[in-house]
Each structure stands twice: as C-alpha cells, then as structure tokens.
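Before any comments, here is the structure.
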Amino acid sequence: MAEQKIFAGPRIRRLRLSKALSQTAMATELGISPSYLNLIERNQRPLTVQLLLKLSSVYRIEPEEFDEEGGLLPALRQAFADPLIAGELAGEGEIADLAASAPNAARAILKLHQAYREQAERLSDLAELLAREGRASLLAGARLPADEVRETFERRPHHFGRIEAETERFAQALAPGDDLLGALKAWLRAEHGIAVRVLPASAMPVWRRRYDRHSQRLFLSERLSPFDQLHEVALEAVLLRMGDAIGAEIADLALSSDEARRLARFEIGRYAANALAMPYATFARAAATARYDVDLLAARFRVSFAQAAERLTTLARPGEAGIPFFLLEIDHAGHRLRRVGAAGFPLLRFGGACPKLSTYASFARSGEILADAVEMPDGARFLNVARTLDGLAAGFGERPRRTALLLGCDFDRRAEVVYGDRLPVMPLTSDVATVPVGPACRLCERVACTARAEPPLTRPLGLDEMARGVSAFDFQ
C-alpha cells in the first residue's frame with residue numbers, strides 16, 4: 001500500500017461529514033493545513049503513508065478501507081462486461097472515475113446488477129422447468145383466453161352502462177313485484193317455451209345448470225341455494241333477451257379471440273343477472289342508507305352475501321355513483337378467482353396477494369365478518385371486509401368448496417361504511433390501528449416481516465453468516 005498512490009477524496013469527505021467536522025477542524029486533528037485537506041478531498045493530492053497512519057490512529061479506521069478502487073474496480077469491470085450494458089461506457093477510465101469519485105453510486109450499481117442476475121437465473125430455471133413439462137409456449141407471451149378476459153375486467157371499471165339500462169327495461173316488462181323467480185319462470189315459458197325444473201344431484205352429477213334444447217327445459221341442480229337458483233334462471237333469461245346489449249359491450253372490450261368473447265359474454269351475463277335482481281337506483285339508495293352493510297342488503301334484495309358484495313363494486317353510474325368498492329376472491333391455496341372494482345381493481349396500489357390480508361385469516365373463522373384497516377408501503381390505506389363463502393351443497397363424504405371474499409375501499413371513506421365504526425384503535429391514542437401489508441412478497445420491501453413467503457425481486461438476498469433476521473428471507 002505504501003508504494004501505491006491512493007486517491008480517496010470522496011471517502012475522506014464522507015468521513016469528515018459523518019463526524020460533523022469542518023475542514024479546518026479535521027486538518028487540525030490530522031496535523032495538516034486546511035488547504036492541503038481541501039486538495040485531498042478534491043482528489044488533487046494522494047494520501048501519503050504518514051497521513052494514512054494518522055487517519056487510522058485518530059479515527060480508528062484500517063488503512064485498507066481507503067483503497068476504495070481496489071475493491072470496487074474488479075466488481076464494476078465484471079458488471080459492465082455484461083452484454084446488456086457492455087456498450088454503455090467508453091472505456092476503463094470511466095469505470096475507474098466512477099469507483100473513485102462516486103463509490104456509493106458504484107455500490108448501488110453493483111447491487112442492481114446482482115439483483116438482475118439473480119432474477120435472470122430464476123427465470124432461466126423456470127423456463128427449463130416449463131420446457132420439461134411441455135409448456136414453454138407460456139413464456140413466449142401467449143395468454144389463455146380466460147387470462148385475457150380476467151385481466152380486461154380487472155383493468156376497467158366494473159360497470160356496464162348498456163347492461164344497466166337494458167336490465168331496467170327488462171324489469172319493467174317483467175313487473176316481478178316480490179317474486180322475481182316466479183316472474184322469470186313465467187317469462188321463459190311464455191316467450192321461449194322453456195320450463196324450469198330442479199333435479200337431484202344424482203341426475204346432474206357434473207352440472208349446476210343445463211338447458212335441454214330438445215325438451216325446452218332448463219334443469220337446475222338441487223345443490224344450488226335458493227339465491228343461486230334465482231341467479232341461474234336470471235342468467236338464462238338475460239342471455240336470451242339482452243343479446244344486442246351484451247354484444248355491444250363485448251365489442252368495446254376488443255378481445256382477441258372467439259373463445260375470449262364467449263367467456264366475456266358469460267361474465268357480462270352474470271353481471272346482468274345481478275343487476276336484474278338488484279336494480280341500480282334502488283340498490284344504490286338502499287346501500288347508502290344501510291351504510292353498505294352487505295348482510296342487510298342481501299336480506300333486503302333476497303340475494304346471497306357474495307351477490308350483494310359484488311353488486312357494490314358496480315356503483316359507478318355517472319351522477320349516481322356510490323363508494324368505489326373493489327372485490328377479491330381467493331381459495332384455500334391462495335388462487336385469485338376474481339378481481340373487480342368500481343374504478344377497476346387497484347392492482348398496482350393494493351395488489352391483493354399479501355399473506356397478512358384478512359382473507360386468509362377468515363378461513364379459520366368461517367362465516368364471520370372480519371374488518372380491518374391495512375396500510376401499503378407507500379402509505380396508502382384501505383378499509384377491508386373479509387368473509388368466507390360456501391360453494392355448492394356437498395353430500396356426505398364430499399369435501400365442500402370454500403372461498404374467501406374481500407371487499408375493500410379507500411380508508412378515507414370509512415365514515416360512510418358501517419364496518420369502519422369498530423376498527424381497532426392504537427393504545428393510548430385515538431388513531432385507527434392499521435395492518436402493514438404489501439402488494440405481494442415478490443414486490444414488497446418491508447423488512448422484518450414474519451409473514452414473508454418469498455424474497456423481493458428488487459433486492460439481493462442477505463447472506464450474512466453472523467446475523468439472521470426474523471423474516472424467513474433476509475435481503476440487503
């Protein structure tokens with residue numbers, strides 16, 4: 001080290017600033033003039049052996065620590081040799097200048113390059129795995145029609161103006177009174193000669209609803225609850241009557257295949273069936289009056305909890321908009337089955353894949369409504385309501401299907417929602433206690449999270465043999 005000129009101006013400057021010293025004060029402690037120290041900090045003078053020893057004795061720093069280029073240069077050369085950025089620098093001189101004048105920025109570049117390499121290796125492993133399974137085409141950007149439809153519905157507001165207007169006209173023609181199911185059955189028979197029958201599960205082992213064109217009968221499985229039976233009959237009716245309106249909405253979605261358009265037709269039909277059971281204007285007024293109590297709305301309109309909750313996500317009619325709720329449904333394994341919202345599902349702001357969300361806790365408290373406030377890493381807060389949903393009736397020996405539904409809105413609207421009245425409060429304060437969550441483990445940089453299931457893609461793993469954090473995956 002004595003025979004090598006060491007220029008460590010930025011390192012000396014950071015050391016001085018970290019100890020809140022002026023150039024004059026530091027020069028006095030080192031026994032040199034302030035002007036000479038100024039030249040050293042500007043890399044116009046190298047560190048002498050005597051000055052290195054003085055720095056070591058005064059500030060308890062090993063002399064090797066001032067040789068920043070020696071450690072950074074090889075790593076920077078290797079990073080800039082990567083084919084992705086090999087042509088970005090003019091030559092060796094710029095790399096040396098970067099290591100000498102901006103060592104912190106150089107280390108940041110090395111961390112980014114390390115994270116990039118780790119991610120590339122993970123994707124390479126995934127490509128090899130999919131290739132072995134004969135599914136390599138999935139990496140080529142191909143999307144299944146179901147994925148395309150799901151993503152399209154997630155991005156756009158969950159409101160279809162033509163469908164709302166057409167269902168209102170249909171409801172006026174039906175004049176159902178208090179018996180919508182009876183009115184729909186009478187309309188199907190009168191307009192299309194279709195009779196509705198409920199059959200035992202043994203006669204419909206793989207269907208919940210089946211229309212037989214030859215006998216002109218619509219068969220429903222006895223596994224369906226009364227609410228679901230009404231929904232299936234309404235779905236059949238709106239698909240028969242509202243073909244033009246549904247087709248116009250599908251055209252606006254600009255889907256890429258016939259199969260995607262067929263799936264979208266079914267999804268918009270489900271939307272129309274809910275709109276028929278819960279007319280927009282009547283439902284919007286009732287929701288505001290009941291402060292968006294889903295149980296009360298379900299009882300008033302004789303629908304299921306899930307149907308009433310989903311209807312809340314559609315209240316986006318201009319001039320008659322309600323709170324912009326969003327909805328997420330998952331199963332035990334964490335598969336996301338539905339994501340919709342009155343303003344589009346807030347995927348970037350909320351995500352919905354954090355294991356700390358109450359949807360996962362609700363599986364242990366079946367049928368109970370859990371309400372809490374969550375806070376994202378960027379400070380955005382949401383009011384969440386979660387509850388489990390039971391699927392079709394299961395016979396003895398069958399494992400029933402159970403999912404969890406999350407209904408959410410911006411935290412600032414909590415005073416308008418009944419579930420915001422009893423949120424937990426921080427001890428000794430009146431502030432609402434929030435649960436710190438993230439969009440997904442792979443995108444979340446919260447430290448010391450005991451629920452973390454995967455390391456973040458944006459940070460390299462922390463492999464410190466001398467310390468281990470509380471998270472299952474430490475990262476730098």
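Side-chain N or O atoms of Thr359 include none that pairs as donor or acceptor with a backbone N or O of Leu406 at under 3.5 Å. With Arg300 contributing its side chain and Phe283 its backbone, the two residues share no donor-acceptor pair below 3.5 Å. For Arg261 (side chain) and Leu255 (main-chain N/O), a donor-acceptor pair under 3.5 Å exists by modelled atom type. Under a 3.5 Å cut-off, the side chain of Glu154 and the backbone N or O of Val340 do not form any donor-acceptor pair.
Taking the ring centre of Phe219 as origin, the terminal cationic atom of Arg197 falls outside the region bounded by 6.0 Å and 45° from the ring axis. Both tests do not hold together for Arg402 against Phe363: distance to the six-membered ring centre under 6.0 Å, angle to the ring axis within 45°. Arg156 forms a cation-pi arrangement with Phe160, by the criterion of a distance under 6.0 Å to the ring centre and an angle within 45° of the ring axis. Relative to the ring axis of Phe227, Arg302 does not place its NZ or CZ within 45° and under 6.0 Å from the centre.
Side-chain contact check for Phe350 versus Leu357: some heavy-atom pair is nearer than 4.5 Å. At a threshold of 4.5 Å between non-hydrogen side-chain atoms, the residues Leu220 and Trp207 do not count as touching. Between Pro439 and Met376, the closest side-chain pair of non-hydrogen atoms falls below 4.5 Å. Considering only heavy atoms from C-beta on, Leu405 stays 4.5 Å or farther from Leu328 through its side chain. Side-chain atoms of Arg210 and Leu218, non-hydrogen and from C-beta on, never get closer than 4.5 Å to each other. Contact annotation: the side chain of Arg162 approaches that of Asp252 to within less than 4.5 Å [non-hydrogen atoms, C-beta and beyond]. Annotation: side chain of Leu327 is not in contact with side chain of Phe345 (no heavy-atom distance under 4.5 Å). By the 4.5 Å heavy-atom criterion applied to side chains, Val435 and Glu375 are not counted as neighbours.
Looking at His158 and Thr313, their side chains do bring a donor and an acceptor atom within 3.5 Å of each other.
In this structure, Phe382 has its ring center no closer than 6.0 Å to that of Phe411.
Between Arg265 and Glu259 there is no salt bridge, since none of the side-chain N atoms of the basic residue sits less than 4.0 Å from a carboxylate O of the acidic one. Note on Glu329 versus Arg336: no salt bridge recorded, every NZ/NE/NH1/NH2 to OD/OE distance being 4.0 Å or above. Checked for salt-bridge contact, Glu166 and Arg241 meet the test: a charged N lies under 4.0 Å from a carboxylate O. With respect to Arg223 and Glu398, a salt bridge is recorded, a charged nitrogen being found less than 4.0 Å from a carboxylate O. Salt bridge status for Glu368 with Arg387: absent, with no side-chain N to carboxylate O gap under 4.0 Å. Look at Asp410 and Arg349 and you find a salt bridge, because one of the NZ, NE, NH1 or NH2 atoms lies within 4.0 Å of a carboxylate O, short of that distance. Salt bridge annotation for Arg317-Glu168: present, with a cationic side-chain nitrogen under 4.0 angstrom from a carboxylate oxygen.
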Exercise for the section: Applying side-chain contact (heavy atoms from CB on, under 4.5 Å), run through Ser471 and Arg446 and close with a yes or a no. Expected result: CA-CA 10 Å; Ser471 171; Arg446 286 194 184 277; over 6 Å; no
Exercise for the section: Start with the C-alpha distance between Arg270 and Glu310, add both sets of side-chain angles, then the distance that settles salt bridge (charged side-chain N to carboxylate O under 4.0 Å, His left out), and finish with yes or no. Expected result: CA-CA 10 Å; Arg270 290 181 64 250; Glu310 184 169 357; 3.5 Å; yes
Handout entry: Stepwise salt bridge (charged side-chain N to carboxylate O under 4.0 Å, His left out) check, Arg414 with Asp421
Key = CA-CA 8 Å; Arg414 67 188 184 281; Asp421 292 346; over 6 Å; no
Exercise for the section: Could you check Arg311 against Glu164 for salt bridge (charged side-chain N to carboxylate O under 4.0 Å, His left out), going step by step and ending with a plain yes or no? Expected result: CA-CA 12 Å; Arg311 187 59 168 146; Glu164 296 289 353; 2.7 Å; yes
Exercise for the section: Test Arg291 against Glu416 for salt bridge (charged side-chain N to carboxylate O under 4.0 Å, His left out), laying out the working first. Expected result: CA-CA 6 Å; Arg291 298 184 63 209; Glu416 303 171 58; over 6 Å; no
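Taking the six-membered ring where the residue is Trp, Tyr280 and His159 present perpendicular rings, their angle passing 60° and hence far from 30°. Ring geometry, Tyr292 versus Phe325: the interplanar angle falls from 30° to 60°, so the pair is classed tilted.
Heavy atoms only, all atoms of each residue included: Ala264 and Leu253 are closest at CB-CD1, 4.1 Å. Listed here is the closest heavy atom pair of Glu148 and Ala260: OE1-CB, 3.8 Å. Heavy-atom minimum distance, Leu392 versus Leu224: CD2-CD2, 3.4 Å. Listed here is the closest heavy atom pair of Arg339 and Gly351: NH1-O, 3.6 Å. Across all their heavy atoms, Asp372 and Ser358 have their closest contact at OD2-CB, 3.6 Å. Gly408 and Asn384 get closest at one heavy-atom pair: CA-OD1, 3.9 Å.
When the ring-ring contact (aromatic ring centres under 6.0 Å, His included) test is applied to Tyr59, no partner is found at least two apart in sequence or on another chain.
Counting heavy-atom neighbours within 6.0 Å of Asp178 CG, excluding the residue itself, gives a total of 12 or less. Counting non-hydrogen atoms of neighbouring residues, nucleotides and ligands closer than 6.0 angstrom, the CZ atom of Arg401 reaches no more than 12 such neighbours.
Annotation: the span from Asp431 atom CG to Leu423 atom CG amounts to 12.5 Å, rounded to 0.5 Å. Atom CZ of Phe170 sits about 6.0 Å away from atom CG of Leu184, to the nearest 0.5 Å. Summarising the geometry, atom CG belonging to Leu240 is positioned 6.5 Å from atom CG belonging to Leu188; distances are rounded to the nearest 0.5 Å. Atom CD of residue Gln307 and atom OG of residue Ser225 lie 7.0 Å apart, to the nearest 0.5 angstrom. Rounding to the nearest 0.5 angstrom, the gap separating the OG1 atom in Thr282 from the CZ atom in Arg285 is 5.0 Å. Taking CG of Asp228 as the reference point, atom OG of Ser304 lies at 6.0 Å (rounded to 0.5 Å).
With Cys409 as the partner, the side-chain contact (heavy atoms from CB on, under 4.5 Å) test is satisfied by one option alone out of Leu312, Val385, Leu383: Leu383.
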